[in-house]
Amino acid sequence: MPFPFSVDGIARALDTEEIGLYHLEGRLPTSNDGSAMSTFEEIVTLITDNLFSQVAILIGLIALFGLLLQRKPIEQVVAGTLRATIGVVILNIGVEIFVGGLVAFQAIVSSALGLEPPAAASSLTDFNAGPGTVVPLIIAGGFVVHLILVRVFPAARYVYLTGHLMYWMSVVIAATLVESFGDVNRWVLAGVGSLLIGCYWVLQPLWTEPLMRRVMQDDGAVGLAHTTSTLAVATGYGAKWMRLGDAKKHDSENLKLPRALSFFKDINVSTAFIIGLIMLIAIAFADGGVVEEQMGEDTVLPWVWGLLQALRFAAGIAILLFGVRMFLAEIVPAFRGLSEKALPGTAPALDIPVTFTKAPTSVMLGFLASTIVFLILMGVFAAAGWFVLVPPMIMLFFGGGAGGVFGNAVAGWRGALFGGVLNGVILAFGQWISWGLYSDTAPELATLADPDWYAVGWLLMGIGSLLAPLGAAGPWVVAGVALVLTIVILVLLGRRRPSVSTVTEQPAPAPAEVPSGGAGEQPERASRAGTTGDRPESLRVLAVCGAGMGSSLILRKTAEQALERLGVEAELNHTDVGSARGMTADVVVGQRTYLEDLDGVAELAVEIESFVDVKQAEERLRAALTERGWL
């Protein structure tokens, strides 16, 4: 169908009164005399539909402008822009696979438990094709609001750099506003959403700052930018209030977990294991007709199909994470570059895995406690006939790990278990409650959520129900109140403490090296390095973390700067611990809990605790390379 260039034509073609994409009192404004306003609306609509409503294109543009402003070489600009764009496309493919698997999973588990699967009038796919197309505008506008607040108010000293959560939290806010106020005008939704998300990005690292300092044992060199922040706060202060233990006396790092449980560190493996186990049990007790209906035209045995579905489920998550890693590798450096140039005296707020290096055992305690509690509640909900819960393995891992780390910082291993239990309870009840609340927009958000999604969404819905009588003014009142409260908080914080500059580099502990496989186990590396200890002309360095997203990317950049200081030419890459097992490198860097599982991947494995401390990375790499004879 040709593109309708008249405003009335656009409205008729899209049937805006039903889907509400451009709903302005039921019609778009028109002009009888062909005024400039009509032309402006046509141009803006054309640009929005074909540019800003496409997340991949928008992310690519942000990367493009960021690289251009940093005066990067043309080849880096082109490659970085395309990688960022392709990464978002891959992410969306992963989401489609992941969400598609939820349908079959819920239907079979419901049949096995004698329950009706949860129903909804809409889906995340429908929402993204409708009102959700405004999300890119919310991200762009929200980041501008965020940077302005950080620039104006010294107390707002953290720049939010967890890119994938920028997207998801914007989706949550957009869906919440639509659920609260009905068909909201596209530009109102963009404006209000931008103000709300911008305020959230400013405040979230601040309310976790006291506990974050305790976890990281620094003066605020790194903030937390993750949607498990409410869980972190609840765990930390809850463990303290209940006096669960002493952080030093009961430190979880003094405990030893069975090595047989180490595979849970890999999100892909743990997801396939848990989902596969549940699917096989559910298929054994489910109605045969329901299983056949979900299998469709597949001719394999039901249990084989169940295993394949679990693997497909895990593959969807792996594809999603790969896409996130790909676009974050370009978009985060662009954001950091802009922030460092325009916002002196600020510090980065990073993804939750940056805390995992401080207490890796507590991460596993929190994850296991979170998973066990969720599975128990899954059975309780089924027995009571309340709801069919879907185990969200990513949220159980990162949320459980967050609860474990923050709980351990306050009360040791008891606090870590408490944090994991709390995360499992929040995810179970949050999923149950939020599925109904988002039934008209994107109910899958309930199964993909972190605790902050629930907290912010429920708060906005509660306020929205009170302001619903105000009609079109309601969303603006919510945004105005949020902005005023944010400014008041920043002013009060600014009076309580002086402006804090970026923390200088912390003294690094003594260098440490984790033994890895020898040259005999890796012939390729032996041929590159030789037996005389000669360093390869260009070292292949691999930075790893649990999911291969924010933390490994930051570590990669830190290691790159450290190697430049040492005068060592290197090719750097970053990935998750699962993918790293199938790769080869000369040097692998990361935290001890992951390096222990990467024997044979690289000739040198160097433990680095602080992902943002260039001095520490330089010292540890210098020691390892010198011992190997490469420096």
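Everything quoted here is computed from the prediction, not taken from an experiment. Residues: numbered from 1 along the sequence shown.
- The closest donor-acceptor contact from the side chain of T208 to the backbone of P205 lies under 3.5 Å.
- Closest heavy-atom contact between W207 and T230: NE1-N, 4.5 Å.
- A pairwise comparison of heavy atoms in F181 and G471 identifies CD2-O, 4.4 Å as the closest pair.
- Panel note: side chain Y167, backbone I139; no donor-acceptor pair is recorded below 3.5 Å.
- Between Y160 and Y200, the ring-plane angle classifies as tilted under the 30° and 60° cut-offs.
- Judged purely by atom type and a 3.5 angstrom limit, R556 has no side-chain atom pairing as donor or acceptor with the backbone of A543.
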List the atom pairs, donor and acceptor, that lie under 3.5 Å between side-chain atoms in residues 455-467 and the rest of the protein, sequence neighbours left out.
unit_1, atom_1, unit_2, atom_2, d
W458, NE1, S434, OG, 3.0
S465, OG, G462, O, 2.6

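- Side chain of R214 to main chain of A409: a donor-acceptor pair is present (N/O by atom type, distance under 3.5 Å, no hydrogens or angles).
- The backbone N or O of L224 sits less than 3.5 Å from a side-chain atom of Q204, completing a donor-acceptor pair.
- Of the possible donor and acceptor atoms, none in the side chain of D450 sits under 3.5 Å from a partner among the backbone N and O of T228.
- The backbone N or O of L572 sits nowhere less than 3.5 Å from a side-chain atom of E560 that would complete a donor-acceptor pair.
- At least one donor-acceptor pair under 3.5 Å links the side chain of E179 to the backbone N or O of D440.
- Taking a cutoff of 4.0 Å between a charged side-chain nitrogen and a carboxylate oxygen, R213 and E209 qualify as a salt bridge.
- Under the 3.5 Å distance criterion, the side-chain polar atoms of Y158 are left unmatched by any main-chain donor or acceptor of V150.
- Contact annotation: the side chain of E618 never approaches that of Q561 to less than 4.5 Å [non-hydrogen atoms, C-beta and beyond].
- Distance alone, capped at 3.5 Å, places no donor-acceptor pair between the R186 side chain and the P131 backbone.
- Between W453 and W168, the ring planes are parallel. Angles under 30° get that label, and only those over 60° would be called perpendicular.
- In terms of heavy atoms, G236 sits closest to L211 at CA-CD1, 4.0 Å.
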